[in-house]
Each structure stands twice: as structure tokens, then as C-alpha cells.
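The next block holds one structure in the form of C-alpha cells; read it before the comments.
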Amino acid sequence: MAQEEPLRCAKGCGFYGSAQNHNLCSKCYRDFLKEEEAAYVAKLAAQLSLDRVVESKPACSDASDTAKSADTAGPCEPKKKTRCLACNKKVGLTGFKCRCDGVFCGTHRYAEQHDCKFNYKEAGRNVLAKQLELVRADKLDNRTAI
């Protein structure tokens, strides 16, 4: 049996390689594995970013874009600014939402301050009518107990 001469590294670094390591030496093989892993991670990251772009709603810039996107992904909604409807002051997270579907600052949060159009009396009457039972007298006045 003839002894085979060991193969040199395929990258030409001067060390000996093996068939198990794709004819690479141990150092070049580790570098090769790192490059493969980095390429795989980059490929996965690209796929994930593409998936996120597809899932996210497109930003509408003009009427023609909204007409196109309305057919495919539904209507685009612009970002809602949170400002007081009475004084136009920015309220952010501290805004008070009224029953008239408006957002107001601390000064205008009460119905009297912002001239609210919601009818609180009628709403209260409706709630009471639903909650309270109607009490009626017995129709048979001379009913006998058994």
C-alpha cells in the first residue's frame, strides 16, 4: 500500500489540509465556517426585513397612491395628532377623551368648558331605563292565597 502524500491547503497558505475539511487546513476551515455562517445570517436577516416590509402598511403620499393601495391593502390612515379640539394645544398621552369623541387638554376636559354636544341627561335616562325594573300593581286585586 502506497502512502499518499498529504494535500496542501486549498487556499494556499502552506499548511496541510484534509478531505474532511474541504482540503483546507484547520485555520482556513474555521474561517470558511465563519464566512458561511455570516452569509446564512445575512440571508435570514434579509428575509425577515422583507417580511416586515410586506406586513407593514404602506405610507400614502398622494391620492393616486391611496386609490391603488385601497384596492390591495385597505385604506391608508394618516397619523392621528393628539391636540385639544378647543385650543389646539398638544396633549400627547395626557389628553382627556370626551363622550363627544373629542380629545381635550386639562383646561377643556369638562363638558362646560368645551361646549360639548353630547346629551348627558338623555344618556342618563337611557341607562336608568335599562337598569330599573318596572313596578306594576297586581292585576287581580282579590286573589286568594292557597
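Position 1 is the first residue of the sequence, and the numbers go up from there.
The minimum heavy-atom distance between G106 and F96, with the atom names listed, is CA-CE1, 3.8 Å. The minimum heavy-atom distance between E122 and N119, with the atom names listed, is N-OD1, 3.3 Å. L24 and C9 make their closest contact through CA-SG, 3.9 Å (heavy atoms, listed as atom of the first residue, atom of the second, distance). C84 approaches C105 most closely through the heavy-atom pair SG-N, 3.5 Å.
Atom SG of C100 and atom CG of L85 lie 7.5 Å apart (nearest 0.5 Å). From L7, atom CG reaches atom SG of C25 across 12.5 Å, with rounding to the nearest 0.5 Å. Taking NZ from K27 and CG from N21, the interatomic distance works out to 14.0 Å, rounded to the nearest 0.5 Å. Here the SG-CD distance, from C87 to Q113, works out to 11.0 Å after rounding to the nearest 0.5 Å.
Between K117 and D115 there is a salt bridge, since a side-chain N of the basic residue sits under 4.0 Å from a carboxylate O of the acidic one.
For Y120, the OH atom sits in a packed shell: over 12 heavy atoms of surrounding residues, nucleotides or ligands are nearer than 6.0 Å. The 12-atom threshold is exceeded at CD of Q47, counting heavy atoms of other residues, nucleotides or ligands nearer than 6.0 Å. Heavy atoms of other residues, nucleotides or ligands lying less than 6.0 angstrom from CZ of F118 number more than 12.
Counting only distance, with no hydrogens or angles, the side chain of H108 and the backbone of H114 share no donor-acceptor pair below 3.5 Å. No donor-acceptor distance shorter than 3.5 angstrom exists from the side chain of R109 to the backbone of F104, with no hydrogens or angles considered.
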Original post:
Between R8 and Y16, is a side chain to side chain contact (heavy atoms under 4.5 Å, CB included) present by the stated rule, with each step listed?
Top reply: CA-CA 4 Å; R8 296 273 184 178; Y16 294 104; 3.6 Å; yes
Original post:
Yes or no on side chain to side chain contact (heavy atoms under 4.5 Å, CB included) for F32 and H22, after CA distance, side-chain angles and deciding distance?
Top reply: CA-CA 10 Å; F32 169 75; H22 302 287; 3.9 Å; yes
